[in-house]
Amino acid sequence: AKLDVVGTISGSALTIMGNGGFGTASPSHNLDVYSATTSVSQYITVDNAGADGTANLVINAGGLAGNTGDNRANLTLNATHSGCLQCANINFNEDNTAKWLLSYDTALDRLAFYTAANGTTPNLTLLDTGFMGIGRGNGAPAAQLVVSGSTVIGNNIGSRAAKAQLDVVGTISGSLLTTSSPTGTN
């Protein structure tokens, strides 16, 4: 059948008891959206066309009232292809225009933030080693913190622009500071 309903339909509510699916005759989860065609993207769209409307996708792990168990709400993006750039993504758009992308790259085992303006060059990268790269061109940082571009360090700096490649506001004490040219020579 085109639509099999197990449960009741009343008003605008549809209650499905057991597993339900789109594109599958044997769903294995509460809701399965499936296509055997590999070239077809699958979408679940939550849309509110109202002038001040909010569209929400809520994952609620609260359970029943009074439940004191260890409840977790998980969003899992499963990239099944190794060696892939931008495989599991969360897109941030404004009026259907791409602005930011948070992506897991299986090829480099990294979590990266991209902007639409920079395309495939991440603005911020975090590796599974804990190494972090900030600034374009830091796709594979080789230290705990690698910053590309001018940097301001200090307390309460607000929107201060760097006056040099490294602008320290305040003092550096009890630490070793090494400077080198871009070629690595002191």
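When reading the values below, keep in mind they use all heavy atoms of this one structure, side chains included, and skip hydrogens, waters and symmetry mates.
- Listed here is the closest heavy atom pair of P141 and G133: CG-N, 3.4 Å.
- Just one of L124, V146, T125 meets the side chain to side chain contact (heavy atoms under 4.5 Å, CB included) condition when paired with I134; it is L124.
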Original post:
Going through the distances and angles, do Y104 and T106 end up as a side-chain contact (heavy atoms from CB on, under 4.5 Å)?
Top reply: CA-CA 6 Å; Y104 173 66; T106 62; 3.3 Å; yes

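- The structure places CZ of R110 at 8.0 Å from CG of L127, a figure rounded to the nearest 0.5 Å.
- The shortest non-hydrogen separation linking N19 to P27 is ND2-O, 3.5 Å.
- Taking CZ from F92 and CG from L102, the interatomic distance works out to 6.0 Å, rounded to the nearest 0.5 Å.
- Shortest non-hydrogen contact noted between A98 and A116 is O-CB, 3.2 Å.
- Following chains of ILVMFWY side-chain contacts shorter than 4.5 Å, one can reach L111 starting from I90, so the two form part of one hydrophobic cluster.
- Other residues, nucleotides and ligands contribute more than 12 heavy atoms inside 6.0 Å of the CZ atom of F131.
- Note that CG of N91 and NZ of K99 are 13.5 Å apart. Values are rounded to the nearest 0.5 Å.
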